[in-house]
Amino acid sequence: MAKPEIFELSNGTINLKVSNFGAIITSLLVPDAKGNLADVVLGFDSVDAYINGNTPYFGCIVGRVANRIKDGKFTLDGVNYSLPINNGPNSLHGGIKGFDKVVWEVAEHKTTQNPSITFKYQSKDGEEGYPGDVTVTATYSLPSSNSLKLEMEAEPKNKATPISLAQHTYWNLAGHNSGNILNHLVQIWGSQITPVDNTSIPTGELMAVKGTPFDFTTEQTVGSRFAEVPGGYDHNYVLDLGEERLGLKRAAKVKDPLSSRVLNIWTNAPGVQFYTANYVDGVPGKGGAIYQKHSGLCLETQGFPNSINEPKFPSIVVKPGEKYRHTMVFEFSVE
Ligand SMILES: *[C@@H]1O[C@H](CO)[C@@H](O)[C@H](O)[C@H]1NC(C)=O
Ligand SMILES: *[C@@H]1O[C@H](CO)[C@@H](O)[C@H](O)[C@H]1NC(C)=O
């Protein structure tokens with residue numbers, strides 16, 4: 001079995017460190033307007049800390065199904081499935097030992113021009129309660145001087161199964177150790193959210209964000225309406241407004257006004273979970289940093305939460321012979 005390590009991709013402008021444990025982004029150095037580099041993702045210094053520590057899903061790929069499944073139950077092709085319950089009454093992020101807590105094989109690592117690394121994982125029938133064998137690959141690459149791309153694919157071998165992967169990086173464009181992100185500006189190309197019940201399961205309705213504290217259709221500071229969102233943001237947006245480019249929709253823009261660093265996220269996924277690190281509370285991170293509440297923000301492009309039990313949502317079921325494809329581009333600039 002492959003051993004957990006950290007690999008590096010660099011193109012002279014951006015420097016990325018990723019581990020084959022959980023396909024985790026552990027570090028990402030990005031320049032500001034003056035060329036000063038900062039590590040803009042929360043995380044730990046060593047792989048061991050991810051393996052042994054209590055990590056709030058820092059930088060990893062979550063699956064087989066990201067986000068929550070109501071009561072950890074679903075029925076597919078006439079069979080009832082029960083998943084591990086690990087978040088209130090629900091199953092979260094693929095279960096107790098999801099894709100974020102396994103060692104992936106390194107299928108390919110290119111260090112030359114347009115560096116890339118491909119991780120591969122074989123998920124077994126019955127693993128964490130899910131049906132059928134599935135082959136999953138995740139390729140991180142630096143296709144241009146200012147962008148990071150992630151292409152995820154998954155192919156079920158023998159049974160239909162729900163598949164919805166997400167990348168769970170916590171961003172802080174001022175630097176991972178710079179305090180909270182309440183002054184970051186965020187824009188999300190979604191006119192609706194999927195409102196949730198008291199256990200964070202969508203009710204099945206879509207709610208227009210206009211006139212609510214969830215409206216990020218124009219650039220807003222994260223903290224501007226925080227008092228009206230008890231606990232902070234942890235909501236799935238329906239990506240219905242972004243222009244398309246090369247098959248991807250524009251999903252979100254984040255700007256740190258101090259460093260002027262800007263991140264634009266493009267994806268082919270139908271939704272994005274906007275999460276403001278509400279449960280991160282005194283986590284000892286890289287270089288002695290202590291991550292307090294709201295010290296980062298996540299924009300996890302994904303299928304809608306609990307889609308497997310919600311016929312009104314876009315289906316996340318993938319059948320043998322079909323292929324799940326989820327691509328995202330993280331584009332950095334200064335403004
Ligand atoms: C699946 O669960 C439902 C209710 O939760 C039940 O009515 C049904 O009989 C179950 N089916 C099987 C095949 O066990
Ligand atoms: C959520 O609400 C339901 C009914 O509306 C209630 O039965 C349940 O105890 C509540 N759960 C939590 C975690 O508050």
Side-chain angles (χ1 to χ4, degrees), residues 54-57 62-98 100 123-134 156-164 166 168 192-209 212-214 225-238 271-283 292-294 297-298 300 302-322:
N54 193 7
T55 164
Y57 300 97
V62 289
R64 186 178 300 194
V65 176
N67 215 301
R68 294 174 182 85
I69 293 180
K70 185 177 167 57
D71 300 327
K73 287 190 178 6
F74 65 93
T75 303
L76 188 58
D77 291 341
V79 180
N80 290 344
Y81 293 95
S82 280
L83 311 174
I85 304 300
N86 59 345
N87 185 263
N90 305 314
S91 192
L92 178 69
H93 289 337
I96 312 275
K97 192 175 179 185
D100 61 302
S123 178
K124 295 277 184 304
D125 186 18
E127 185 173 322
E128 295 299 306
Y130 288 97
D133 298 309
V134 178
K157 286 227 177 67
N158 32 39
K159 289 180 190 170
T161 183
I163 302 176
S164 178
H168 209 301
Q192 303 171 96
I193 59 166
T194 50
V196 292
D197 69 12
N198 59 1
T199 72
S200 295
I201 293 292
T203 59
E205 301 146 314
L206 303 180
M207 185 190 96
V209 295
T212 77
F214 300 100
R225 295 152 300 171
F226 227 59
E228 299 165 62
V229 187
Y233 294 97
D234 190 7
H235 295 83
N236 174 60
Y237 282 74
V238 180
V272 66
Q273 188 84 8
F274 178 42
Y275 173 56
T276 48
N278 313 324
Y279 303 108
V280 174
D281 202 356
V283 178
Q292 305 294 358
K293 264 184 200 242
H294 319 308
L297 63 86
C298 301
E300 305 152 64
Q302 60 176 6
F304 297 177
N306 196 39
S307 286
I308 190 65
N309 291 309
E310 188 48 76
K312 282 180 274 181
F313 289 172
S315 173
I316 59 164
V317 174
V318 188
K319 299 187 180 89
E322 298 175 347

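Just follow the structure's listing: the first ligand is 1, and inside any ligand the first atom is 1.
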A.B. asks: Once rounded to the nearest 0.5 Å, what's the spacing between atom CD1 of I316 and atom CD1 of I69?
C.D. replies: 6.0 Å

A.B. asks: Is N80 in polar range of ligand 1, meaning some N or O pair under 3.5 Å apart?
C.D. replies: yes

A.B. asks: Any chance you could measure Y130, atom OH, to D125, atom CG, to the nearest 0.5 Å?
C.D. replies: 13.5 Å

A.B. asks: Once you restrict both partners to nitrogen or oxygen, which atoms of ligand 2 have a protein partner under 3.5 Å, and how far apart are they?
C.D. replies:
from     : atom 1 : to   : atom 2 : distance (Å)
ligand 2 : 2 (O)  : N198 : ND2    : 2.4
ligand 2 : 11 (N) : N198 : ND2    : 3.0
ligand 2 : 14 (O) : N198 : ND2    : 3.2

A.B. asks: Taking atom NZ of K97 as the centre, report whether more than 12 heavy atoms of other residues, nucleotides or ligands fall under 6.0 Å from it.
C.D. replies: no

A.B. asks: Can any side-chain N or O of T161 pair as donor or acceptor with the backbone N or O of P131 at less than 3.5 Å?
C.D. replies: yes

A.B. asks: How are the rings of Y233 and F214 set to each other: parallel, tilted or perpendicular (split at 30° and 60°)?
C.D. replies: perpendicular

A.B. asks: Distance-only, no hydrogens or angles: does the N86 side chain make a donor-acceptor pair with backbone N or O of L92 under 3.5 Å?
C.D. replies: yes

A.B. asks: With heavy atoms of G78 as the reference, note each atom of ligand 1 found under 4.0 Å away.
C.D. replies: 13 (C)

A.B. asks: Distance from N306 atom CG to D197 atom CG, nearest 0.5 Å?
C.D. replies: 9.0 Å

